[in-house]
Structure formats: C-alpha cells, structure tokens
Trainee: 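What follows is a single structure, and I will ask about it in a moment.
Small disclaimer: the values here were computed from a predicted structure and weren't measured. Throughout, a chain's letter reflects where its sequence line sits, starting with A, and its residues are numbered from 1.
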Protein chains: 2
Amino acid sequence: MGRWQPDSRGRLQEAALALYSERGFDQTTAAQIAARAGLTERTFFRHFSDKREVLFGGSALLQERIVAGVAGAPLADGPLDAVGCGLAAAAAMLGEFRRDLSRQRHVVIAANPELRERELAKLADYAAAVAEALHQRGVGEPQASLAAEAGMTVLRVAVERWSSGGDDRDLADVMRDSMAGLRAVAGGG
Amino acid sequence: MGRWQPDSRGRLQEAALALYSERGFDQTTAAQIAARAGLTERTFFRHFSDKREVLFGGSALLQERIVAGVAGAPLADGPLDAVGCGLAAAAAMLGEFRRDLSRQRHVVIAANPELRERELAKLADYAAAVAEALHQRGVGEPQASLAAEAGMTVLRVAVERWSSGGDDRDLADVMRDSMAGLRAVAGGG
DNA sequence: TAGGTTGATAGCAGTCACTGACATCATCGT
DNA sequence: ACGATGATGTCAGTGACTGCTATCAACCTA
C-alpha cells in the first residue's frame with residue numbers, strides 16, 4: 001500500500017460536490033473539503049487553482065472531444081454542421097456520466113453566481129477552441145467565431161433543458177432539436 | 001460645501017481604471033484604489049460588491065437600453081430582428097462614451113481572466129433579460145433564448161472588433177455586419 | 001432655534017481564499 | 001545502499017471581503 005490513499009484529486013471532487021450540496025458553496029471552506037477527503041487545505045489548492053475549479057475537473061477532456069468532433073467532420077460540411085459534429089461528441093461524453101451526479105452538479109452550479117460565472121468561462125474557452133478548429137478548416141472571421149459561439153449556446157440550452165429534467169430524451173436528441181431551433185430562428189429572421 | 005468630496009463612486013471608478021491600467025488588476029489592492037480616490041477600503045466595498053464590479057458600473061443602464069430596444073421593435077419583426085433593435089440601442093449608448101476610455105477599459109478586461117469572466121456574466125445577464133423581453137412579444141422557447149444568446153454573441157464579437165481597433169467604422173455599422181454574418185452562417189448551414 | 005434623524009463615511013476586528021517556502025518520507029532507479 | 005523524485009504536510013503571510021460601531025454634516029420638525 002502506498003504512503004497515501006489513492007486518487008486524492010477524485011476524493012476532493014467528491015467531497016466538494018457533497019459539501020456544496022449539503023451546506024452550499026459559500027458556507028463550505030476549502031479546509032472542510034480537504035478534511036473530508038483526508039487531506040489538507042494546501043493540498044486542495046495544489047490540485048485545483050481555486051474553490052470553483054474543483055467542480056470542472058472534466059472540462060479539459062470535454063473540450064478535446066468537442067474539438068476532435070469538429071475537426072473530424074466531413075470536409076463538405078459547412079461551419080455550423082461541423083460544430084454540430086462537435087456537439088454530438090459532447091453529448092456522447094456527457095451521456096456516459098451517472099445522470100444523478102450530473103444533475104446534482106448542475107443544481108449546485110445553478111445556485112451560485114460565482115459558479116455560473118465559471119461555467120460561462122468554460123463555455124467561452126470551448127468556443128475559442130472550436131473557432132480555432134474552424135479556422136483550420138478554412139473558415140474565416142467572423143463566421144468561425146459566430147458559429148462557435150452559437151454552437152456553445154446550443155450546448156448550454158440543451159444541457160439546461162436535459163439536466164433540469166424538462167426533457168427526458170437522450171441529450172443527443174435534445175441537442176439536435178436545439179440546433180434546429182437556432183437554424184430556424186437565425187435563418188428565418 | 002459638503003462634508004465630503006462629491007461623487008465618491010465616480011472617483012473610485014476612475015481611480016480603479018487608472019491603477020488597473022498602470023499596475024495590472026492583480027497588483028492593485030482595493031485599499032490603493034480607495035486611497036487614490038481619497039476614501040477608505042471599507043467605503044470601496046460599500047459602493048462595489050467586489051474588486052471587479054468597479055469596471056462594470058454602467059452595465060445595468062446598458063441592459064435597460066437593450067431591453068427597451070427589443071421591446072420597442074416593430075411587432076412584425078421576427079425575434080432576431082427585434083434583438084437587432086436592442087443591439088442598435090446598445091451601439092448608440094456605447095458610442096456616447098469617449099472612445100479612448102472604452103478602449104482602455106477593454107484592454108484592462110482582456111488582460112485578466114477574472115475580469116473576462118465577469119464580462120461574460122454580464123452578457124449572460126443581458127441575454128436572460130432579452131429572452132424575457134422576447135417572451136413578452138410572444139416568442140417561445142427555445143427560440144427566445146437562442147435568439148437572445150446569439151444576439152449577445154454578435155454584440156461581443158462586434159465590440160471586440162471595434163474596440164481593438166481592427167475596424168474604424170461606427171460601432172453600429174460593425175454590429176450590423178456581425179449580425180449579417182450570423183444570419184449567413186446559421187441560415188446557410 | 002434646539003433637538004432628533006438620516007446617510008455617507010471612518011475605524012477596527014475577524015474570516016477565509018490563496019500563495020510561497022521549506023520539511024517529510026515512501027517509492028523508484030541505479 | 002543511496003540519491004532523486006514527487007506528493008503531501010506545516011507554517012507564515014497577504015489581501016478580499018464582512019459585520020459592527022462611531023462620527024458628524026445636512027436635513028427635518030416642532
């Protein structure tokens with residue numbers, strides 16, 4: 001057996017989600033999270049740059065998947081179709097998680113302005129990466145940024161509907177619907 | 001003469017912009033801003049909820065203008081046209097400010113992740129308010145949210161281009177262009 | 001005009017997020 | 001064996017932000 005329990009990072013993530021749910025984000029200190037994970041506050045901040053980031057541990061991987069989806073779209077596809085391929089990849093990945101945990105996380109984030117702020121920042125990061133992937137496909141500006149941002153809006157709206165329980169279908173279906181809604185409203189005026 | 005110099009809030013905003021420009025956001029303390037304005041740190045936090053908010057003093061007014069523009073759009077207009085009216089109102093208001101100050105503020109925000117995060121949060125607030133205004137016009141979901149979010153994307157992209165000096169035309173012109181770009185990319189697939 | 005109220009500010013003590021520097025010690029390669 | 005590595009602990013410090021209390025000009029009221 002090692003000197004320490006394994007997967008400190010994962011234990012911190014679990015402890016944080018539990019405490020944020022039980023007591024609320026503001027009423028939870030980093031030291032409490034660390035203690036629940038059998039670690040110290042200092043170690044918490046070695047794994048996560050701040051108190052919010054502990055809820056967004058999978059965002060780098062999700063971004064990779066989205067970008068890969070965009071890059072792998074058929075070359076004949078237009079910008080928004082390519083973004084749609086990225087969204088399909090995102091839906092596939094998010095669908096792998098236990099839905100109750102996704103929902104718990106969503107509730108915690110929705111309840112706190114600072115956490116909502118961080119989630120928006122993550123989406124903006126995805127959008128920037130997607131725009132870059134579109135540039136690689138020869139899409140110019142401002143089309144690339146607009147398609148990427150619109151795509152992240154679709155992602156956000158779809159996950160919101162799916163995660164809040166308003167729509168029982170697969171996330172992929174909800175996302176296709178939202179994408180169709182965007183095309184309708186933007187193209188039809 | 002009153003007991004104190006007038007317009008504490010405005011003096012704090014000026015001092016903060018100056019210090020953030022000179023030394024950077026991270027290297028500036030709230031106490032330094034307050035001292036520069038002839039006040040105390042405690043008073044700074046009475047006027048602004050946190051160190052970032054001091055750069056966003058006009059956001060509530062801007063949101064009102066945008067919403068009023070949407071609400072005042074011709075009833076025959078579709079959702080995205082109505083949002084376009086809101087953007088025109090925003091362009092008119094932002095055009096009133098001294099362009100050098102707008103640019104200075106933009107540079108400061110662009111240089112710091114926390115400030116970019118706050119700006120995204122403000123845009124999300126605008127989007128939520130615009131979606132609500134669209135509901136009042138009888139637009140349903142998800143069309144209202146999508147149109148509102150797409151509109152704020154157009155605002156962001158346009159202000160980015162305009163404020164970074166890449167486009168010398170009036171903000172209103174740049175914004176119309178960006179809106180046309182969105183229609184093209186979304187409608188054309 | 002005296003006296004009470006209000007409102008913006010100062011002063012102070014406290015909590016907690018976050019950081020830098022250094023110590024510890026199992027594990028691993030040589 | 002033994003030194004290097006890496007994850008963790010310990011400790012001290014800065015600064016954002018909050019709650020409470022005191023001050024005092026301006027204003028209101030009788």
Trainee: Respond yes when some side-chain nitrogen or oxygen of A:T43 is under 4.0 Å from OP1 or OP2 of D:dA7, and no when none is.
Mentor: no
Trainee: Using atom CZ of A:R3 as one end and atom P of D:dA7 as the other, report the distance to the nearest whole Å.
Mentor: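 The distance from CZ of A:R3 to P of D:dA7 comes to 12 Å, rounded to the nearest Å.
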Trainee: Do B:R176 and B:D173 sit within salt-bridge range, that is, some charged N less than 4.0 Å from a carboxylate O?
Mentor: yes
Trainee: Considering residues, nucleotides and ligands other than A:E22, do more than 12 of their heavy atoms fall under 6.0 Å from its CD?
Mentor: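 Atom CD in A:E22 is packed in, count exceeds 12.
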Trainee: Is B:R105 close enough and on-axis enough to B:F56, meaning under 6.0 Å and within 45°, for cation-pi?
Mentor: yes
Trainee: Does anything in residues 113-122 of chain B reach DNA chain D, meaning a heavy atom under 4.0 Å, and if so which residues?
Mentor: none
Trainee: Quick one: do the A:E141 and A:S145 side chains pair a donor with an acceptor below 3.5 Å?
Mentor: yes
Trainee: Take B:E53 and B:K122 through the salt bridge (charged side-chain N to carboxylate O under 4.0 Å, His left out) test and state the conclusion after the steps.
Mentor: CA-CA 10 Å; B:E53 199 64 18; B:K122 295 295 181 188; 2.6 Å; yes
Trainee: Would you say C:dT9 has OP1 or OP2 under 4.0 Å from some side-chain N or O of B:T40?
Mentor: no
Trainee: Quick one: pull up CZ in A:F45 and CG in A:L12 and give me the separation to the nearest 0.5 Å.
Mentor: 10.5 Å
Trainee: Taking atom P of D:dA7 as reference, at what distance in whole Å does atom CG of A:L39 sit?
Mentor: 13 Å
Trainee: Please state whether the phosphate of C:dA8, meaning OP1 or OP2, lies under 4.0 angstrom from any side-chain nitrogen or oxygen of B:H47.
Mentor: no
Trainee: Measure CD/B:E53 against C1'/D:dT18 and give the value in whole Å, please.
Mentor: 17 Å
Trainee: Salt-bridge test for B:D81 and B:R183: reply yes if a basic N is under 4.0 Å from a carboxylate O, no otherwise.
Mentor: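 Judged by the 4.0 Å cut-off on N to carboxylate O distance, B:D81 and B:R183 do form a salt bridge.
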Trainee: When the distance from CD of A:Q5 to C1' of C:dC25 is rounded to whole Å, what number comes out?
Mentor: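 The distance from CD of A:Q5 to C1' of C:dC25 comes to 16 Å, rounded to the nearest Å.
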Trainee: Applying salt bridge (charged side-chain N to carboxylate O under 4.0 Å, His left out) to A:D177 and A:R161, what does each step give before you reach the verdict?
Mentor: CA-CA 11 Å; A:D177 263 20; A:R161 289 169 72 86; over 6 Å; no
Trainee: Across nucleotides 16-21 of chain C, 5' to 3', mark each nucleotide with B, S or - according to how protein heavy atoms within less than 4.0 Å reach it.
Mentor: -SBBBB
Trainee: Could you check if a side-chain atom of B:M179 sits within less than 4.5 angstrom of a side-chain atom of B:L80, using non-hydrogen atoms only?
Mentor: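 They are in side-chain contact.
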Trainee: Rounded to the Å, how far apart are B:D7 CG and C:dA8 P?
Mentor: 13 Å
